[in-house]
Asker: 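Attaching a single structure in structure tokens format; questions to follow.
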Amino acid sequence: MTRRFDGRRLVIASHNAGKVREIAELLAPFGIEGVAASALGLPEPEETGKTFLANAELKARAAATAGLPALADDSGLAVAALGGAPGIYSARWAGPGRDFARAMADVHERLADRPREAAFVAALALAWPDGHVEAFDGCVEGRLVWPPRGDRGFGYDPIFVPEGHDETFGEMAPEAKARITHRARAFGKLAAACFP
């Protein structure tokens, strides 16, 4: 049976300011305050999982050791013509300095004249200090464009155009993007199952 979350505060198990902001905005309508893992001085665990869900669970469990339930996201860009890459390694393609301009150029160069269908995939895991975890995933299909467009969002947003739209995630107004993202879709499932 799915466990319901009945608290008012949880840890957002991420050190990525963009993800923390997006997740905090998703939590706000439920009256839940999200506290960033970095604000609590929690280290980032090594992501050793082989799937988005496994990595989200790993991060959520690690953050829940602080004594509060923790919500973690693992997400990335999956490009069909690259066999699903960069996938769970999306952040690593940006290197230790998180150079996503370089990562986007790398994707573009590897694609050359190949099809540009892609998807953003997100997994969310909510872990309690006793070790219980609820996990959900979401996906948004689209295509990649070059050169990058827009300075909103983060990561690969400036090269991703979601299906049915003409703007990249990097060009979209934050409130428009928030309604259709992979993270919002995963969060919708989580909220329906776990939030009162």
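This is a predicted model, so every value here is computed, not measured.
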Asker: If Ile, Leu, Val, Met, Phe, Trp and Tyr residues are connected whenever their side-chain heavy atoms lie under 4.5 Å apart, and connections chain through other members, are L190 and F5 in the same group?
Answerer: yes
Asker: State, to 0.1 Å, how close F100 and S90 come at their nearest heavy-atom pair, and which atoms those are.
Answerer: CE2-O, 3.9 Å
Asker: Any non-hydrogen side-chain atom of K189 less than 4.5 Å from a side-chain atom of D137?
Answerer: yes
Asker: E47 vs I88, test: side chain to side chain contact (heavy atoms under 4.5 Å, CB included). Steps then yes/no.
Answerer: CA-CA 9 Å; E47 295 179 28; I88 62 170; over 6 Å; no
Asker: Looking at F160, is its backbone amide N or carbonyl O close enough to the side chain of R143 to form a donor-acceptor pair, meaning the two atoms are under 3.5 Å apart?
Answerer: no
Asker: Testing the basics here: between A56 and D74, what is the closest heavy-atom pair and its distance to 0.1 Å?
Answerer: N-CB, 3.7 Å
Asker: Determine, for R102 against E109, whether the closest basic-nitrogen to carboxylate-oxygen distance falls under 4.0 angstrom.
Answerer: yes
Asker: Minimum heavy-atom separation for E57 and A135, please, with both atom names.
Answerer: OE2-CB, 3.6 Å
Asker: Do the ring planes of F169 and H182 sit parallel (below 30°), tilted (30 to 60°) or perpendicular (above 60°)?
Answerer: parallel
Asker: Hey, is CG on D166 packed in by over 12 heavy atoms from elsewhere, all under 6.0 Å?
Answerer: no
Asker: Donor-acceptor pair, distance only, cut-off 3.5 Å: does the side chain of Y156 make one with the backbone of V107?
Answerer: no
Asker: Do N16 and F154 have side chains that approach each other closer than 4.5 Å (heavy atoms only, starting at C-beta)?
Answerer: yes
Asker: Run F195 and L126 through side chain to side chain contact (heavy atoms under 4.5 Å, CB included) and show every step you take.
Answerer: CA-CA 11 Å; F195 293 162; L126 178 59; 4.3 Å; yes
Asker: Quick one: do L77 and F120 satisfy side chain to side chain contact (heavy atoms under 4.5 Å, CB included)? Show the steps, please.
Answerer: CA-CA 5 Å; L77 180 68; F120 264 126; 4.0 Å; yes
Asker: Consider side chain to side chain contact (heavy atoms under 4.5 Å, CB included). Of L42, T65, L71, which one does V11 pass it with?
Answerer: L42
Asker: Taking the side chain as everything from C-beta on, heavy atoms only, tell me whether M172 gets closer than 4.5 Å to P162.
Answerer: yes
Asker: With side chains defined as the heavy atoms from C-beta onward, is the minimum distance between K19 and S75 less than 4.5 Å?
Answerer: yes
Asker: Check whether R185 reaches the backbone of C139 with its side chain - one donor and one acceptor, N or O, closer than 3.5 Å.
Answerer: yes
Asker: Show the nearest heavy-atom pair for residues I12 and V20, with the distance to one decimal.
Answerer: CD1-O, 3.8 Å
Asker: So, do L82 and L111 sit near enough that their side-chain heavy atoms are less than 4.5 Å apart?
Answerer: yes
Asker: Is the shortest side-chain heavy-atom distance between F187 and L27 below 4.5 Å?
Answerer: yes
Asker: Would you indicate whether the side-chain heavy atoms of P158 and D151 approach each other to under 4.5 Å?
Answerer: no
Asker: Walk me through whether I32 and R9 qualify under side chain to side chain contact (heavy atoms under 4.5 Å, CB included).
Answerer: CA-CA 5 Å; I32 300 169; R9 198 165 183 247; over 6 Å; no
Asker: For the hydrophobic clusters of this structure (ILVMFWY residues joined by side-chain heavy atoms under 4.5 Å, transitively), does one cluster hold both F52 and L58?
Answerer: no
Asker: If hydrophobic clusters are built from ILVMFWY residues whose side chains come within less than 4.5 Å, do V140 and L124 share one?
Answerer: no
Asker: Is the shortest side-chain N to carboxylate O distance from R149 to E171 below 4.0 Å?
Answerer: yes
Asker: A125 and A60: which non-hydrogen atoms are nearest, and at how many Å?
Answerer: O-CB, 3.5 Å
Asker: Got R116 and H108 here, is their nearest side-chain heavy-atom distance under 4.5 Å?
Answerer: yes
Asker: If you round to the nearest 0.5 Å, how far is NE2 of H165 from CD of E163?
Answerer: 9.5 Å
Asker: Charged N to carboxylate O below 4.0 Å: is that the case for D73 and K59?
Answerer: no
Asker: Shortest non-hydrogen contact from R4 to W128?
Answerer: O-CZ2, 3.8 Å
Asker: At what distance, to the nearest 0.5 angstrom, does CZ of R183 lie from CD1 of I23?
Answerer: 6.0 Å
Asker: Please determine whether a side-chain nitrogen of the Lys or Arg among K177 and E167 lies less than 4.0 Å from a carboxylate oxygen of the Asp or Glu.
Answerer: no
Asker: Ignoring hydrogens and angles, tell me if any N or O in the side chain of R114 forms a donor-acceptor pair with the backbone of R110 under 3.5 Å.
Answerer: yes
